[in-house]
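We count residues from 1, following the sequence as given. No hydrogens, no waters, no symmetry mates; every other heavy atom, side chains included, goes into these values.
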Amino acid sequence: MNFDYLYHPYQSQRNTVIAKKGMVATSQPLAAQAGLEILKKGGNAIDAAIATAAALTVVEPTSNGIGGDAFALVWTDGELHGLNASGPAPQSISIEAVQEQGHKSIPAHGVLPITVPGAPSAWSELSKRFGKLPLSEVLAPAIRYAEEGYPLSPTLGKNWSKDYQKFKELFKGEEYTPWFDTFAPNGRAPKIGEIWSSQGHADTLRSIAESEGESFYRGSIAEKIAGFIQKYDGFLSLEDLAAYKAEWVKPISVHYKGYDVWEIPPNGQGLVALMALNILKGLELGERESADSYHKLIESMKLAYTDGKAFITEESKMPHTVCELLSEEYAVMRRGLIGEKALEPKPLRPPSGGTVYLAAADEEGNMVSFIQSNYMGFGSGIVIPGTGISMQNRGYDFSLDPSHANSLQPGKKTYHTIIPGFLTRDNEAVGPFGVMGGYMQPQGHLQVITNTIDYHLHPQAALDAARWQWIAGKKIMVEPEFPNHIAQALVRKGHDILVATDTGSFGRGQIIWRDKDTGVLFGGTESRTDGTIAAW
């Protein structure tokens, strides 16, 4: 990576952060400080990532929780490792069982969409394999924030209030009472700047730390989780929890203009970003601020996403392999459909065959790309009484159509939106990157990577640049700052352009790049939220 352009006058006026000994980039200042604290105590980037992730369950519960899932890409000793810590559907659930409860699709909230949480297992596996400090020390900052409390930051407070108002109208059953007890203890959402604490969070995190995750899956916490969910006719059992362990996987990649872009293999949707880049690399991009360049980016993403939604599920159950979908033959077929006008995309039939993100790095060369989520903000709305555990609702994405690739099956992992990214060149680490935010995530990855590689934007500028997102069909939403003359030119190409009234749906990203010669770290953080970089 060439860093000569870092202060080009036409780039973002918010500067990239530069440091040497260590760096943590995420959406919450207190969580980033937790990671930095661990680095200064002698921990490595993996320890820092775990500390930050655990802290985020406390200081940004609107986006993730102890009862959520996680994925990680870890660079250490010259090799990239992948961790899939998404959990499967319960063994006792089925399409028929859900339909017998009167549902035509899986509901977004309540006990039914809850799958096995993977985040605590992710922390434990990362710590055991690559950490330097004991998990009890690594989780100490998160426990302290939960026990002593912390003041709400601006974006956090805004999202908390919005979700409280929605849940107050939506959640009527007694199974939701623990959510209000935990997150609205005074009969309302805490305000910006107000102190919020949760002894239940602290007790649970301490138990996870002392048992290295065992209590969550095979101990007292597991009993509380399964007991509460089954009390309200949910399917998650003690046996489901006891059988779970995060899975080490081989990352997948495409070569894009001299760089290798890496993602976690399915069931995550990182494959969508790679398919889009594979299509795009055979097209010539002109100036960044031109309708033709945006058109090619949008069309590549539309085609890749349409196929991703049709085919991605647990990898062993996909109708087409990752190799087929990342083949040059596939890319040529899809690329050939891109012309001067916007497409109405349909899935290809090839030959048979709401989230937190953080990046961490240390002076030893270790780097981590880590993402963690409950989904759709607070998740299912189910909180296990007295524990602070807010349960995810990932089962919502399963289809009740038995012929769909992502159909609900016992013990199956669903299509998953959260994806960490990593960039290498000539088998050396450039660094971690990510953009959280539901179905915006692969779109954010595409935009960050092309901003970096094609247009040489420094990390902060690559994140600050106005974003677009494909919604459906020919419909594209753009941020208010998106150039109006380009939006008008895209309309003339057949795109249906909508200008967003806020930036909440465009994702929140982090980047850390490393200079291979000096080891100096260059970081960018998200300006659309309370993003920060803690550096040393």
Between [Y] and [X], is there a side-chain donor-acceptor contact under 3.5 Å, judged purely by atom types and distance?
X	Y	answer
Q460	T16	no
Q372	Y357	no
T529	E526	no
T424	W262	yes
T76	N366	yes
Q28	S153	yes
D203	Q199	yes
S380	Q392	no
Y375	D397	yes
T62	N159	no
T155	D530	yes
S407	S399	no

Margin query: Can you tell whether the side chains of E147 and R206 come within less than 4.0 Å, N to carboxylate O?
Written below: yes
Notebook entry, point to check: Any donor-acceptor pair under 3.5 Å linking the side chain of N44 with the backbone of F130?
Noted result: yes
Check: Is the NZ atom of K128 crowded by more than 12 outside heavy atoms at less than 6.0 Å?
Finding: yes
Notebook entry, point to check: Within 45° of the ring axis of Y415 and under 6.0 Å from its six-membered ring centre, is that where the NZ or CZ of K309 lies?
Noted result: yes
Next item on the list: Describe, in one word, how the ring planes of H109 and F171 are oriented to each other, choosing from parallel (under 30°), tilted (30 to 60°) and perpendicular (over 60°).
Entry: perpendicular
Next item on the list: Describe, in one word, how the ring planes of F422 and W75 are oriented to each other, choosing from parallel (under 30°), tilted (30 to 60°) and perpendicular (over 60°).
Entry: parallel
Checklist line | salt bridge (Lys or Arg N to Asp or Glu O under 4.0 Å) between R467 and E481, intermediate numbers included | finding: CA-CA 9 Å; R467 293 179 190 152; E481 298 80 11; over 6 Å; no
Next item on the list: Please test W468 against F482 for ring pair (Phe, Tyr, Trp, His ring centres under 6.0 Å), starting from the C-alpha separation and ending with a verdict.
Entry: CA-CA 8 Å; W468 52 267; F482 191 88; 8.5 Å; no
Note to self: Suppose we call two aromatic rings close when their centres sit under 6.0 Å apart. Are F71 and H416 close by that rule?
What the structure shows: yes
